[in-house]
Protein chains: 2
Amino acid sequence: MSKKNAILLAATELFSQKGYDGASMAELSRMTGAAGGTIFHHFKNKEDLFLNILGGIKETILSAFDQYLKDANFRNGLELVEGAVSFYLQLAGRMQAQFLLLHRHFPYKMAEANPVCRDYLESIYDCLLDIFEKGILRGQKDGSVDGVPARQSAMILFSMVDGIARFNTYQLYDAGALYSALMAACRKMIGLKRPTDDDAVT
Amino acid sequence: MSKKNAILLAATELFSQKGYDGASMAELSRMTGAAGGTIFHHFKNKEDLFLNILGGIKETILSAFDQYLKDANFRNGLELVEGAVSFYLQLAGRMQAQFLLLHRHFPYKMAEANPVCRDYLESIYDCLLDIFEKGILRGQKDGSVDGVPARQSAMILFSMVDGIARFNTYQLYDAGALYSALMAACRKMIGLKRPTDDDAVT
DNA sequence: TTATAAACCAACCGATCGTTCGGTTGGTTT
DNA sequence: AAACCAACCGAACGATCGGTTGGTTTATAA
């Protein structure tokens with residue numbers, strides 16, 4: 001089990017750094033000390049190896065958000081959305097290789113032909129969009145969020161925070177320096193225009 | 001000049017569809033009808049071919065925005081920002097292959113080692129961020145934009161619109177259906193909280 | 001018409017690609 | 001102890017990779 005795990009770990013780094021075509025099985029063999037044949041003993045081919053990695057990423061992200069939402073205690077919908085945005089950035093910083101993988105193009109290209117790959121990606125994005133959307137809907141009930149279109153605003157919010165996470169790993173932005181401005185932007189975007197200053201409402 | 005242009009055109013499509021490593025010179029030769037040696041007659045190697053393409057993309061985008069800003073007549077800073085966001089999406093729809101290239105990871109990876117590549121990418125992003133920032137600053141003078149941090153808000157705005165353009169080409173979103181919600185989000189994000197309803201000031 | 005250079009070509013190079021294969025371990029199960 | 005097993009190995013496969021070569025066509029200008 002040790003070698004197989006080492007292969008998965010090294011391959012995650014390799015795929016994220018060099019892309020699918022750029023990652024070679026020979027280099028993976030060198031990195032792990034596993035012989036060429038060993039890799040193909042554990043995974044039937046290169047694509048299967050990648051799908052194993054992507055599936056693991058999906059599990060990790062989904063269960064991380066699950067845990068976060070279960071533990072946290074939000075006073076209203078707006079705080080839930082803010083928390084989700086903040087946690088997404090935090091997770092992207094903690095799982096840099098995995099998020100770099102998700103920010104590359106080849107998984108989405110592969111998803112066009114491979115239903116398993118498509119399912120993994122859709123699971124991730126559906127889950128995240130649902131969290132944002134539910135926060136908005138809850139906020140519209142409790143008075144913390146304005147009457148914006150929920151699903152569409154969730155998409156815009158997500159593309160905003162994911163874009164910043166992406167530019168951060170590309171080293172074009174510094175996400176940390178943008179953090180407070182980003183949270184303020186979220187509040188302005190979906191928050192009520194004239195709340196009771198303290199936005200704690202039933 | 002005909003063959004060289006055909007090579008550039010086909011290579012743009014190939015690089016954007018398959019990435020740098022996935023695009024093969026043999027396939028490019030097949031696509032264009034040019035012999036293998038002919039491609040290396042016009043471009044000294046694969047990387048040089050890509051840099052020629054990236055340079056062309058930079059020229060096209062920069063001059064398109066130059067023309068747009070020269071022709072348009074904005075009443076205030078907020079309208080300028082809205083116009084720039086709108087035009088960016090429009091351009092991304094018109095130049096799908098080029099934007100797909102910019103949304104892949106390999107150009108940013110290459111930029112780490114190749115100063116020419118880095119210069120091209122920085123030129124594009126600096127130009128766009130400057131446009132957004134100037135619109136915000138102008139809006140803060142004419143009263144159409146709130147007192148948000150200019151450069152940081154420009155970055156957030158840009159990552160938002162670029163993220164949507166990216167998800168659109170990945171076929172996860174439909175940018176057209178998000179358009180009006182996006183423009184509204186922009187206005188809420190940086191616009192004054194309580195303008196004169198019609199925000200024509202000064 | 002001839003000289004010159006640019007454009008173009010097919011053939012070829014060594015290296016590397018993903019993958020396969022025959023065979024060797026060391027530990028369980030029969 | 002015989003049979004079986006998954007884990008592991010390294011050599012070898014055909015295909016394809018980016019790039020080079022030497023020679024032929026084409027266009028230009030004297």
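Each chain gets a letter, A, B and so on, in the order the sequences are listed, and its residues count up from 1.
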Suppose the criterion is side-chain hydrogen bond (donor to acceptor under 3.5 Å, both in side chains): which pairs have a residue in residues 99-108 of chain B, not counting sequence neighbours? A/Arg104-B/His105, A/His105-B/Arg104, B/His103-B/Asp162, B/Tyr108-B/Tyr125
Which pairs pass side-chain hydrogen bond (donor to acceptor under 3.5 Å, both in side chains) with one or both residues in residues 22-34 of chain A, sequence neighbours excluded? A/Lys18-A/Glu27
Show me the dot-bracket string of DNA chain C, counting Watson-Crick or G-U pairs under 3.5 Å, with | for pairs to another strand and [ ] for crossing ones. ||||||||||||||||||||||||||||||
Tell me: [atom1] of [X] to [atom2] of [N], nearest whole Å?
| X | N | atom1 | atom2 | value |
| --- | --- | --- | --- | --- |
| A/His42 | C/dT20 | NE2 | P | 16 Å |
| A/Lys3 | C/dG26 | NZ | C1' | 14 Å |
| B/Phe50 | D/dG18 | CZ | P | 15 Å |
| A/Leu28 | C/dT19 | CG | P | 12 Å |
| B/Leu14 | D/dC17 | CG | P | 10 Å |
| A/Arg30 | C/dG18 | CZ | P | 10 Å |
| B/Glu27 | D/dA15 | CD | P | 18 Å |
| B/Phe15 | D/dG18 | CZ | C1' | 11 Å |

Residue-level proximity of residues 34-41 of chain B to DNA chain C when a heavy atom falls under 4.0 Å: B/Ala34, B/Ala35, B/Gly37, B/Thr38, B/His41
Expected list for residues 172-181 of chain B: side-chain donor-acceptor pairs under 3.5 angstrom, two or more places apart:
| from | atom 1 | to | atom 2 | distance (Å) |
| --- | --- | --- | --- | --- |
| B/Tyr173 | OH | A/Met155 | O | 3.0 |
| B/Asp174 | OD1 | B/Gly176 | N | 3.2 |
| B/Tyr179 | OH | B/Ser86 | OG | 2.8 |

Taken in chain and number order and not counting sequence neighbours, the residues that satisfy ring-ring contact (aromatic ring centres under 6.0 Å, His included) with B/Phe65 are B/Phe87
Stacked cation flag B/Lys4 on B/Phe43, 6.0 angstrom / 45 deg: yes
Give me the ring orientation class for A/Phe15 and A/Tyr20: parallel if the planes are under 30° apart, tilted from 30 to 60°, perpendicular past 60°. parallel
Within the pair B/Lys4 and C/dA6, is there a side-chain N or O less than 4.0 Å away from OP1 or OP2? no
Below 4.0 Å: OP1/OP2 of C/dG18 and any side-chain N or O of A/Lys46: yes
In Å, rounded to the nearest 0.5 Å, how long is the span from NZ of B/Lys58 to CG of B/Leu121? 10.5 Å
For B/Lys188, is there an ion pair with B/Asp146 - N to carboxylate O distance below 4.0 angstrom? no
Proximal nucleotide (of D/dG18, C/dC8, C/dG18) relative to the A/Ser24 side chain: C/dG18
